[in-house]
Structure formats: structure tokens, C-alpha cells
Amino acid sequence: MEGGTEMKVMTIVQAITDAIDIKLAEDPMIVTFGEDVGVEGGVFRATEGLQKKYGEQRVFDSPLAESAIVGSAVGMAMNGLRPIVEMQFCGFVYPAMNQIISHAARIHNRSRGRYKTPMVIRFPYGGGINALEHHSESMEAMYGHIPGLKVVIPSTPYDAKGLLISAIESDDTIIFMEPKRIYRAIKQEVPEEKYSIPIGKAKILNEGTDVTVIAYGAMIREAQKAVVMAKKDGISVELIDLRTIYPLDKQTIVESVKKTGRMVVVHEGPNTFGVGAELTAIVNEEAFLSQEAPVVRVTGFDTIVPLPRGEHHYIITPEKIYYGIQKSMKF
Amino acid sequence: MFKEYSPLDDKLFQVMDNNGKIINPAWMPEISEERLQKAFKDMLFARQADLMAVSYQRQGRMFTYPPNYGQEAISGGLAQVMRDQDWLVPAFRELGAWLAKGATLKEVFLYFMGYEDGTVFKNAKNITPISVPIASQLIHAAGIGYAINYKKEDSVVYAITGDGGTSIGDFHEALNFATVWNAPVVFIVQNNQFAISVPFKKQTRSINIAVKGIAYGMSCIKVDGNDLFAMTRALREAEAHAREGKGPVLIEALTYRRGAHTTSDDPTKYRTKEEEEQWSITDPLDRLRKYMVAQKLWDASQEETLLAEYKKEIDRQFEEAENYPAYPLDDVFKYMYADITDDLKEQKVEHEKFLKWKEGLK
Ligand SMILES: Cc1ncc(C[n+]2csc(CCOP(=O)(O)OP(=O)(O)O)c2C)c(N)n1
Ligand SMILES: [Mg+2]
């Protein structure tokens with residue numbers, strides 16, 4: 001932009017609203033809906049003010065039914081619209097799984113490309129907010145495992161806006177998972193204009209030489225604290241924010257591990273069959289001879305996220321990440 | 001009754017008006033004076049506990065809580081019919097019904113303080129845990145009903161959801177299964193006019209919710225859910241129907257959520273004070289009190305003393321919950337499976353190693 005870019009301080013939620021706002025203004029085929037999305041502007045206020053601005057035809061409340069929200073979005077997409085739907089929490093997407101797995105992820109293949117599904121299914125995920133059951137889970141690995149979906153997770157306001165704009169502009173079905181624990185915890189200067197961040201590209205947040213730490217979403221902040229702890233002990237960490245769970249940015253991951261020889265993966269979701277398992281397979285396949293230590297996974301347990309009084313047992317702390325880093329270094 | 005009050009004509013089954021006057025004596029349920037006094041007291045207690053729960057939450061002593069304020073007569077009616085051997089399959093907004101089934105207030109507080117232990121309700125017979133995924137539990141009710149028939153038990157299932165819940169496929173699948181299987185299930189929809197911010201008229205174009213049962217071939221009725229007598233009578237009829245092997249019943253209980261959706265919700269975003277005031281004249285406790293006072297079954301001047309007693313008791317149970325032991329690490333793992341996996345055992349041991357290491361950091 002000529003004359004420089006105007007910047008505005010935003011939280012992640014505000015950046016999400018801003019991205020949807022910009023796209024609604026630009027493309028009349030975009031609609032957004034879900035439970036409490038219209039009048040209330042979403043239970044986390046991610047669509048606040050948008051119904052007033054764009055009207056009830058484009059920003060609206062649906063009846064309470066996740067399956068119908070996703071399924072009708074598939075139909076809208078097949079008939080030319082570009083829906084953005086909100087699921088209220090990660091734990092309430094399950095009623096929609098049939099529509100997601102059997103249709104949203106497959107219509108393109110089934111129709112041999114005749115129909116596209118340019119839709120975004122966005123929802124908050126992750127723990128640390130003292131919530132009731134079903135409000136704290138992180139199921140990104142499950143979506144990553146479903147052929148036909150792309151899965152995106154931002155970790156900052158800047159990324160949230162740029163990645164969501166890419167997601168909305170994509171002709172594929174995008175699962176857009178929002179780290180609700182840091183919805184309002186991080187404020188950052190974000191360009192007011194439209195920009196996009198490519199899906200499928202990771203970002204090196206901190207260059208280092210001793211060990212590669214890979215994280216995403218709300219875990220980035222925790223990992224950054226662990227990086228500081230490690231630095232004090234003379235360990236140089238390369239921190240990578242995945243940004244996209246599928247497709248994984250293999251190149252960035254492999255190059256980093258080839259350089260450092262060690263990898264620590266951090267995620268809130270369960271350990272078994274998690275994103276860490278996939279990353280381990282990738283470095284085994286492509287950087288086998290460079291590894292100086294086995295991969296360390298710092299992840300959630302293979303359990304239900306406990307209710308608030310037990311959640312501290314489950315939650316990934318900077319100390320736990322640092323413990324993982326040391327484990328890798330001491331091998 | 002189900003013929004007389006056909007939901008196709010959008011008839012509302014009422015016994016008492018907003019002034020506590022009996023307007024439908026033919027359908028007045030028989031309740032002894034003593035029982036009625038107990039019912040009123042239980043509703044009063046539930047309301048007081050509910051109001052205090054909200055204030056404990058505001059003080060930061062409890063996490064998110066869904067208020068029941070204004071919906072007490074539905075649980076109050078259930079308390080009149082539920083026997084030990086009957087099943088209660090709740091959602092998350094039925095405080096009075098949980099207590100009537102034998103749950104303790106302390107347990108309820110524990111749950112909303114963040115302990116799974118609080119939804120075990122270990123002294124209550126045949127109650128399922130609090131269910132948060134909307135309407136999903138209704139299908140369990142159909143299955144429990146099937147098992148009742150199979151085992152030839154004398155038992156009825158009372159399954160609860162909200163108006164929003166009737167939009168989910170699970171609601172319809174549950175009604176269909178229960179009817180096809182002739183299962184003894186009474187489905188109760190607490191139509192409190194809102195699903196968070198979404199008003200009932202945006203949830204469905206049906207004239208009412210009860211009518212949805214007709215297509216499944218079941219008996220159904222729309223009841224004034226703020227009228228304890230109407231609720232009690234309708235539930236008794238439904239109970240008899242189910243026990244006689246005539247299949248499930250759908251009861252729409254018309255009510256109003258006078259409080260917020262939960263303590264994290266702000267109703268001023270989506271409804272007006274005028275609307276709230278309009279509904280306040282239908283308040284279930286006020287109506288019942290008017291009836292009882294007129295019948296000389298209740299001396300309103302005794303209420304203050306009683307409430308003071310209740311407050312003490314509620315505080316006592318709350319403090320007991322606050323003094324509950326810390327949540328052990330083992331509790332994260334040990335209930336995951338009947339037969340725990342080696343993986344989980346290892347994860348716990350690994351975590352304990354980390355905790356030891358962390359101690360060393362200090
Ligand atoms: C499957 C599912 N989707 C979304 C939610 C989030 N949520 C919690 S309560 C609620 C509204 C429920 O409305 P209603 O059924 O009328 O019950 P009420 O809360 O009014 O008692 C929603 C959408 C949920 N718990 N489960
Ligand atoms: Mg409701």
C-alpha cells in the first residue's frame with residue numbers, strides 16, 4: 001500500500017472478526033452462520049457487529065444443530081456460496097462429523113472436481129479456561145487424519161487474520177481451529193488492510209542450533225517461555241510454529257531437524273496418534289541420519305481433559321516443555 | 001388427556017392461573033397438604049440454592065453455572081412422580097430434579113467447582129450424569145427404556161432437554177426409537193424460550209414443540225411448565241401411559257429462563273427488560289405461593305425464617321464442597337477404562353518423573 005500500512009492493535013478474536021469483515025465486504029457470495037452467530041455475535045464475540053453491518057441474510061443464527069450447519073454449508077458451497085460456519089466449541093463439532101467426513105471433505109473428489117467446497121468450519125479449541133466438559137479438547141490430529149480436509153491453527157492476532165483470509169479464499173474445506181485460551185490474552189499490531197498468510201507454510205519464530213521445538217496455537221506462548229529457560233542454560237532452540245496441521249510444511253521441519261539434530265513436539269491434544277506421531281514419522285523418513293536423539297513428545301495425556309480442578313495435571317506448562325528439551329539434549 | 005389437549009390445536013394444559021386460582025379443577029392433581037407444602041419448600045430451597053450458586057460464581061468460588069431461576073416447577077413436578085426405580089436422564093439445568101432424585105447440593109456444587117465426582121450422584125438411584133452435548137442423552141433414554149421392557153422392570157425414564165435441543169437430530173431419533181420400541185420414556189422439553197441467545201421462534205416454525213411428537217406416533221402435550229399442578233398432573237398421566245405399556249410421551253413444558261444462560265452470558269444482548277417483566281408474572285413460585293396462601297396452606301411470614309435456615313444449609317453444603325480434597329493425579333487416569341491400558345500407566349509414571357524434576361528446579 002502506498003503511504004505505508006495503517007496498523008491497529010488487535011486480539012486474536014478481533015483479528016478473526018476483522019478477517020471475516022473484510023471478506024464479507026469484498027465478496028457477496030460469502031455468508032457466515034451458526035449458533036448465536038448473528039444477534040449475539042457468537043459466544044466469544046468473533047462475529048460481533050457483523051450482522052448489523054451486512055444484514056441477516058449474510059450473518060445469521062441457525063437453529064441448534066451442528067450436522068445441519070455443516071451439511072447446509074456444503075449445499076450452499078455446491079451452489080456458489082462461500083460459507084464460513086462457526087461451531088461453538090471443539091467438543092460440539094461431533095454431531096457434524098458425518099457431514100464433515102462424508103461430504104465436506106469428499107464432494108470434490110466424488111464429483112471429480114465438478115463441485116468445490118469453498119467453506120471454512122471455524123471453532124475454538126484447547127484447554128486452560130476452567131470450562132465444563134467438552135469445552136477444552138484439542139482434536140486437530142483427528143481432522144488432520146481425514147483425507148480431504150485442510151487444518152489451520154493460528155497462534156497470534158497477525159496470523160489469525162492472515163490465515164483466516166487465506167482459508168476463506170481457499171476453494172477447499174478448511175478446518176480453522178482457534179486457540180481460545182489466548183483469544184484475548186495476546187494483543188498485537190495488525191495491518192488494517194487485507195493480507196494473507198499461505199496455508200501449508202510453517203514459520204520459524206526463533207532460530208537456533210541445538211534443538212528444534214515444534215508447536216502451534218496456544219502452545220506457542222508456552223514454548224516461547226521454555227525457549228527463554230533453555231537459553232539461560234545455554235541451549236539454543238529453534239522454535240517453529242506449524243500454523244497449518246495439514247498439509248504439513250515438511251520442508252521447514254526437515255531442514256530444521258537436519259540442522260539441529262533434535263526435535264521436541266508440543267501439543268495439547270492426546271499423545272497417541274497425535275500430530276507428534278506424524279512429525280516423528282516425517283523426520284524418520286527424511287532426516288533419519290541427522291538425528292542425535294529420539295523425538296520427544298510433550299503432549300496431553302491419552303485422557304479426557306479433566307474438569308477445572310484437575311486440569312492443572314493435564315495442561316502443558318513451559319516447565320514441561322523445558323523438561324522435554326532437556327530430555328532431548330541429555331540423550 | 002392427550003386427546004383433549006391436542007398440540008395440533010396448540011392447546012396449553014393449565015390448572016392454575018397466574019394469580020394462583022384453580023381454573024381447571026377437573027384436572028387438579030391430588031396432592032396431600034403435607035406433600036404440597038414439601039413441594040413448595042423444595043422449590044423454594046432449589047431457587048435459593050440456585051441464586052446462591054450464581055453469587056458464589058460471582059465471588060470466584062465456582063466456575064460456569066447454568067441458572068434454573070424461573071424453571072423450578074418442572075423439577076417440582078418431576079419430584080412428585082419420580083420413584084427410586086425410575087430413571088432420570090438429565091441435561092444440565094434441572095437442579096430441583098437432581099435433588100429430588102437423591103443428589104446432594106454439595107455434589108452439584110462440586111461439579112460446578114470442577115470435579116467430575118460431583119456428577120456421580122452416588123446416593124441417587126438410576127440417574128445418569130449431567131450431559132452437556134445438547135439432546136444426545138435422549139437417545140440413551142430410549143435405550144434404557146428398551147432395557148426396562150426387556151428385563152420386565154417396573155420403571156419409567158424421565159429424559160430432559162431444552163427447546164434448542166429439539167432442533168438436533170438426536171431428539172428426533174430418540175422419539176422415533178422410543179416409539180418404535182414402545183419404550184416407557186417420558187421426554188420433557190423445558191421450553192424456556194431461548195437457546196443461549198436464539199429465541200424459540202428462530203428455532204422452529206412449528207406451532208409448538210409437543211406437536212413434533214405426533215408424527216412419530218406418540219402421545220404428546222404442551223403444558224404450562226410454570227404451573228406445578230399442571231406439570232404434576234401431566235407427568236402422572238404420562239407415567240401411567242408409559243407403565244401401562246402404551247409407549248413414550250412427549251411433554252413440552254412452557255417456561256421462561258429468568259436468569260442468564262450461564263454465568264458467562266449477558267442476556268441484555270438479545271432480550272429486553274420488558275419481555276423479562278412480562279414473563280415474570282408467570283413465575284412458578286409466586287403462583288404457587290398465592291394459591292397456598294389463599295388456601296391457608298402457607299403463612300408467607302414464615303418464609304423469611306425458612307429462607308434464613310436454607311441459606312445456612314446451602315452455605316454449609318457449599319463450604320463442604322470447598323473443603324473437598326484436592327484432585328489427585330490418579331483421578332485423571334483411573335476412570336478412563338474399566339481395564340486401564342499400559343500406555344496410560346506409563347504416561348502417569350512419566351508425568352510423576354517430570355513433577356520430581358520440577359521440584360528440583362526450585
Ligand atoms: C451439541 C451441542 N452444541 C452446542 C452446545 C453449546 N450450548 C450449550 S447450551 C446451548 C443452548 C441450549 O439451549 P436449550 O436446548 O434450549 O437449553 P437451555 O440452555 O435453554 O436450557 C448451546 C448451544 C452444546 N452444549 N452441545
Ligand atoms: Mg432453552
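Note that the structure is predicted; figures quoted are calculated from it, not measured. Below, chains carry the letters A, B, ... as their sequence lines are ordered, and counting in each starts from 1.
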Using heavy-atom distances under 4.5 Å, tell me whether [X] contacts chain A through its side chain, its backbone, both, or neither.
X: B/Met113; answer: both
X: B/Asp343; answer: side chain
X: B/Phe354; answer: both
X: B/Lys348; answer: neither
X: B/Tyr324; answer: neither
X: B/Lys202; answer: both

For a 4.5 angstrom cut-off between non-hydrogen side-chain atoms, does [X] reach [Y]?
X: A/Arg181; Y: A/Ile315; result: yes
X: A/Met142; Y: A/Tyr94; result: yes
X: B/Ser197; Y: B/Lys269; result: no

Backbone N/O of A/Asn271 and side chain of A/Arg297: donor-acceptor pair under 3.5 Å: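 Looks like yes, one N/O pair under 3.5 Å.
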Under 3.5 Å: donor-acceptor pair, side chain of A/Glu86, backbone of A/Val37: no
Hey, which of [options] has the most heavy atom pairs under 4.5 Å with chain A?
options: B/Tyr335, B/Phe333, B/Tyr270; value: B/Phe333
options: B/Leu344, B/Thr341, B/Asp170, B/Val332; value: B/Val332
options: B/Ile168, B/Ile130, B/Thr64; value: B/Ile168
options: B/Pro133, B/Gly165, B/Gly118; value: B/Pro133

In terms of heavy-atom proximity below 4.5 Å to chain B, should [X] be classed as side chain, backbone, both, or neither?
X: A/Ile304; result: both
X: A/Phe92; result: side chain
X: A/Ser67; result: neither
X: A/Glu311; result: neither
X: A/Pro95; result: neither

What residue, out of [options], has the most heavy-atom pairs lying under 4.5 Å from chain B?
options: A/Thr317, A/Val305, A/Asp61; result: A/Asp61
options: A/Tyr322, A/Tyr314, A/Phe60, A/Phe89; result: A/Tyr322
options: A/Glu35, A/His134, A/Lys320; result: A/Lys320

Mutual orientation of the aromatic rings belonging to A/His313 and B/His351 [parallel < 30°, tilted 30-60°, perpendicular > 60°]: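 The rings of A/His313 and B/His351 stand perpendicular, inter-plane angle above 60°.
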Aromatic ring pairing B/Phe109/B/Tyr56, orientation class (parallel under 30°, perpendicular over 60°, tilted between):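 Ring orientation, 0 to 90° scale: perpendicular.
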CD1 (B/Ile196) with more than 12 external heavy atoms under 6.0 Å: yes
B/Phe92: which of B/Ile160, B/Thr262, B/Ile134 passes side-chain contact (heavy atoms from CB on, under 4.5 Å):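 Testing B/Phe92 for a side-chain contact (heavy atoms from CB on, under 4.5 Å) against B/Ile160, B/Thr262, B/Ile134 leaves exactly one candidate, B/Ile134.
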Test: B/Glu276 and B/Arg258 ion pair at under 4.0 Å: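 Here B/Glu276 does not pair with B/Arg258 in a salt bridge, since their nearest N and O are not under 4.0 Å apart.
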Spacing of A/Ile69 atom CD1 and A/Ile121 atom CD1 [to the nearest 0.5 Å]: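 Reported to 0.5 Å precision, the distance equals 10.5 Å.
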